[in-house]
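If you're wondering where the values come from, they're calculated on a predicted model, not measured in any experiment. Each ligand, and each atom within it, is numbered from 1 in the order the structure gives.
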Amino acid sequence: MPRPLIPDHILEIPPYPRGKPWRGLEEVRLSANENPLGPPPKALEEIRSSLAALHRYPDGLAEVLKEELAQYLGLDPANLALGNGSNEVIEMAVKVFLRDGEEVVLPAPSFAYYGIAVKARGGKCIEVPLRDFRIDLEAMARAVTPRTRLIFLGNPNNPTGTIFGLEELKAFLEEVPEEVVVVVDEAYGEFVTAEHYPSFRNYLEMDRWILSLRTFSKFFGLAGLRVGYGIGRGELVELLERVHQPFNVNLLGIAGAIGALKDREFQERTRRVVAEGKDFLTAAFEELDIPFVASEANFFLFYAGERKGELLEYLEREGVVVRDMEGYGLGGYLRVSVGLPEENRRFVEVLKAWKAREG
Ligand SMILES: Cc1ncc(COP(=O)(O)O)c(C=O)c1O
């Protein structure tokens, strides 16, 4: 059959580096940086009570969720753009600000979808390597040209979990022309404990085109519902909202997110379980002499060495799924999400058994 004419910029997008297919709730899934606690109970309550309205379209503006979220964050609803996951907000930003052939500067490696969204729009990715596993803000500023429209910064960056501080960001912004839009992806922002961590509050005070991204998929335990949001000045939000599908946040997503915001007990438990899990995994990596990157997120990048492929297989055979970083240009590295205490223990047990076996 003759093939339709497919634009080159689409053919240049490699297949998405997918995780392993999900084998059900019984596996120890430490591959997607999700919340291991399950969904927040209050989200489930809200979802249950909204089921009878599923034959209706949701509120297209998701006004109640916006109000609740604005109150939770302590800002104005006009600063919030909601999306079908923060992935959609990435796509909205690319649609609004990028034309064919224009450039986007991004760290490498970082979250894979930035590059996909840019290429799908016909844009050009200018990738700037990390330095010591951290985003090299100086090199990123140097990579900006008159054709640069957007810059993506993961803070924390995925897959390293490293952050930059407020002063570093301010110095970076001094070097970047004001008309370039800076997207700061804070998908893991709720897990950060470092005091010098800047947040959307700092950005809103600056007179700059900065878009922060946040999500209900990680800390709030609702990855399956697909709700994320962008925070920015009103003018920026208004532009983003012009380009998304009608009803982009679905009815159950709206209900679940409202419930998750109310569930303070779940949020506290998440913070505690992740912090304790990080301490546990840090101690285990140190004990086993496995190099890892100190992380402000709910995952760790660690070095498994030349026999990484064997370790990956061994873990999988034992029912523990972690993420291979080969597709991110990090040969020999794996990424593991912080799980429940028993899941972390299982991961470490299998690591230990493998080390003992392999010597
Ligand atoms: C850095 C980063 N940004 C965004 C996302 C996408 O999140 P969402 O589920 O909100 O689309 C992820 C998911 O893994 C991520 O790691």
Problem set entry | CA sep, side-chain torsions, deciding dist, call: Phe347, Phe300, ring pair (Phe, Tyr, Trp, His ring centres under 6.0 Å) | CA-CA 13 Å; Phe347 165 70; Phe300 286 100; 9.5 Å; no
Exercise. Any idea how Phe191 and Phe219 line up, ring-wise: parallel (<30°), tilted (30 to 60°), or perpendicular (>60°)?
Worked result: perpendicular
Exercise. Looking at Phe97, does the NZ or CZ of Arg149 lie under 6.0 angstrom from its six-membered ring centre and within 45 degrees of the ring axis?
Worked result: no
Exercise. Below 4.0 Å from any atom of ligand 1, is there a heavy atom belonging to Asp185?
Worked result: yes
Problem set entry | Any Ser86 heavy atom less than 4.0 Å from ligand 1 | yes
Exercise. Got an N/O contact under 3.5 Å between Asn158 and ligand 1?
Worked result: yes
Donor-acceptor pairs under 3.5 Å, side chain of residues 74-89 to any protein atom, not counting sequence neighbours: which ones?
from  : atom 1 : to     : atom 2 : distance (Å)
Asp76 : OD1    : Ala78  : N      : 2.9
Asn79 : ND2    : Gly232 : O      : 2.9
Glu88 : OE1    : Asn84  : N      : 2.7
Glu88 : OE1    : Asn248 : ND2    : 2.9

For this session: Would you mind telling me if ligand 1 is within reach of the side chain of Arg226, the backbone, both or neither, using heavy atoms under 4.0 Å?
Result: side chain
For this session: Classify the angle between the aromatic ring planes of Phe152 and Tyr114 as parallel (below 30°), tilted (30 to 60°) or perpendicular (above 60°).
Result: parallel
Problem set entry | Check: Tyr333 ring centroid to Phe133 ring centroid under 6.0 Å | yes
Exercise. Can Tyr188 be said to touch ligand 1, with heavy atoms closer than 4.0 Å?
Worked result: yes
Exercise. Which of the atoms of ligand 1 are close to Ser217, meaning less than 4.0 Å from one of its heavy atoms?
Worked result: 8 (P), 9 (O), 10 (O)
For this session: Report, in ascending order of atom number, the atoms of ligand 1 lying under 4.0 Å from any heavy atom of Lys218.
Result: 13 (C), 14 (O)
